[in-house]
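Written out below as structure tokens is the structure these notes cover.
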Amino acid sequence: MPPLQEYYNQGSNHNYDDGDLYIPHPAPPPAATFSNGPPPQYFQPPYRTQQPIAYTRPRPSSRAFSVVLFVRPFSLIIPGVIVILNIWWSVTQRVCPGDATVGDTCFWMLWLSLPIATLSFIWAIVFNISGRRRSHHMSHIPRPVQAAIQLLLAVGATICFALLIYHLVHFDIWSQSYEGAMAALLGILMLTDWVLFSWTAYEIHKDYQVHHQHTTSQIPI
């Protein structure tokens, strides 16, 4: 059979109408095999890991921060003034006469103001040094310890102030003006200690909130 006739006979098997030209479709290529190497690498979008969220401690109000900045110097100045005045008045015998015994009631001012002022003065120096070391990321006193010491000083100053006022009102005082001035200084020291304790407790609370948020953000969903 001529080749052309065979060509048309193959076309008739596909039910083509007369006059249509049959064009056979090429067979699909065999599946590619990669026996000599790995398959080609297609484009894939880069995998991005979720970056951890950095939590920062919320900034306090400007009014509260201004109050703390105003009060903090008094924690060092007032105890120093109390210590100096107690020593000066005792040496010059302006509080008690020279023949008074140590247990005399006129020495109440000395025993109620000098110890707490000395402890407050030492703690103010240590606290300032610790704060500077903390700002330079060095070892420092932890905030819970600072809050505990500040609370003890505040409670001690409050008790001494209350007892000195009681002594000023109910006892016959040899030098009422000096003891009144000392009671005023103790009152300022008491308020200073309570403000600094409240600020330290506030910072501890904010640190706990930031730590809690950071811990909960690390929990896988």
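Source: prediction; values computed, not measured.
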Applying side chain to side chain donor-acceptor pair (under 3.5 Å), name anything that partners [X], two or more places apart in sequence or on another chain.
X	result
Ser177	none
His167	Glu179
Arg132	none

Would you name the heavy atoms of [X] and [Y] that are closest together and state the gap between them?
X	Y	value
Leu164	Leu112	N-CD1, 3.7 Å
Ala183	Ile165	CB-CD1, 3.9 Å
Met182	Leu85	CE-CB, 4.1 Å

Backbone N/O of Ser139 and side chain of Arg133: donor-acceptor pair under 3.5 Å |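 Yes, the answer is positive, given that a donor and an acceptor are paired below the 3.5 Å cut-off.
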
How long is the straight-line distance from [atom2] of [Y] back to [atom1] of [X], given to the nearest 0.5 Å?
X	Y	atom1	atom2	answer
Ile87	Thr92	CD1	OG1	11.5 Å
His140	Gln146	NE2	CD	7.0 Å
Phe161	Leu168	CZ	CG	9.5 Å

Results of side chain to side chain contact (heavy atoms under 4.5 Å, CB included) for [X] - residues two or more places apart only:
X	result
Leu152	none
Ile149	Trp123, Val145, Leu153
Ser90	Leu110

Sorted by chain and residue number, the ring pair (Phe, Tyr, Trp, His ring centres under 6.0 Å) partners of Trp89 (sequence neighbours excluded) come out as Tyr178

Ring pair (Phe, Tyr, Trp, His ring centres under 6.0 Å) against Tyr166, all qualifying residues, sequence neighbours excluded = His170

Hydrophobic cluster mates of Ile129, side-chain heavy atoms under 4.5 angstrom, ILVMFWY only, any path?
->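 Members other than Ile129 - counting any ILVMFWY side chain reachable under 4.5 Å - are Leu76, Phe121, Ile125.
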
Grouping ILVMFWY residues whenever side-chain heavy atoms fall under 4.5 Å, the cluster of Ile84 otherwise contains none

Transitive ILVMFWY side-chain link Phe127 to Met138, under 4.5 Å =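 The answer is no; the residues belong to distinct hydrophobic clusters.
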
State plainly whether one hydrophobic cluster holds both Val91 and Phe107, where clusters connect Ile, Leu, Val, Met, Phe, Trp and Tyr through side-chain heavy atoms under 4.5 angstrom apart.
-> yes

Going by the side chain to side chain donor-acceptor pair (under 3.5 Å) test, which pairs reach into residues 68-88, not counting sequence neighbours?
-> Asn86-Ser113

Under 3.5 Å, which donor-acceptor pairs link side chains of residues 184-196 to any protein atom two or more places apart or in another chain?
unit_1: Thr192; atom_1: OG1; unit_2: Ile188; atom_2: O; d: 2.8
unit_1: Asp193; atom_1: OD1; unit_2: Gln150; atom_2: NE2; d: 3.3
unit_1: Trp194; atom_1: NE1; unit_2: Thr158; atom_2: OG1; d: 2.8

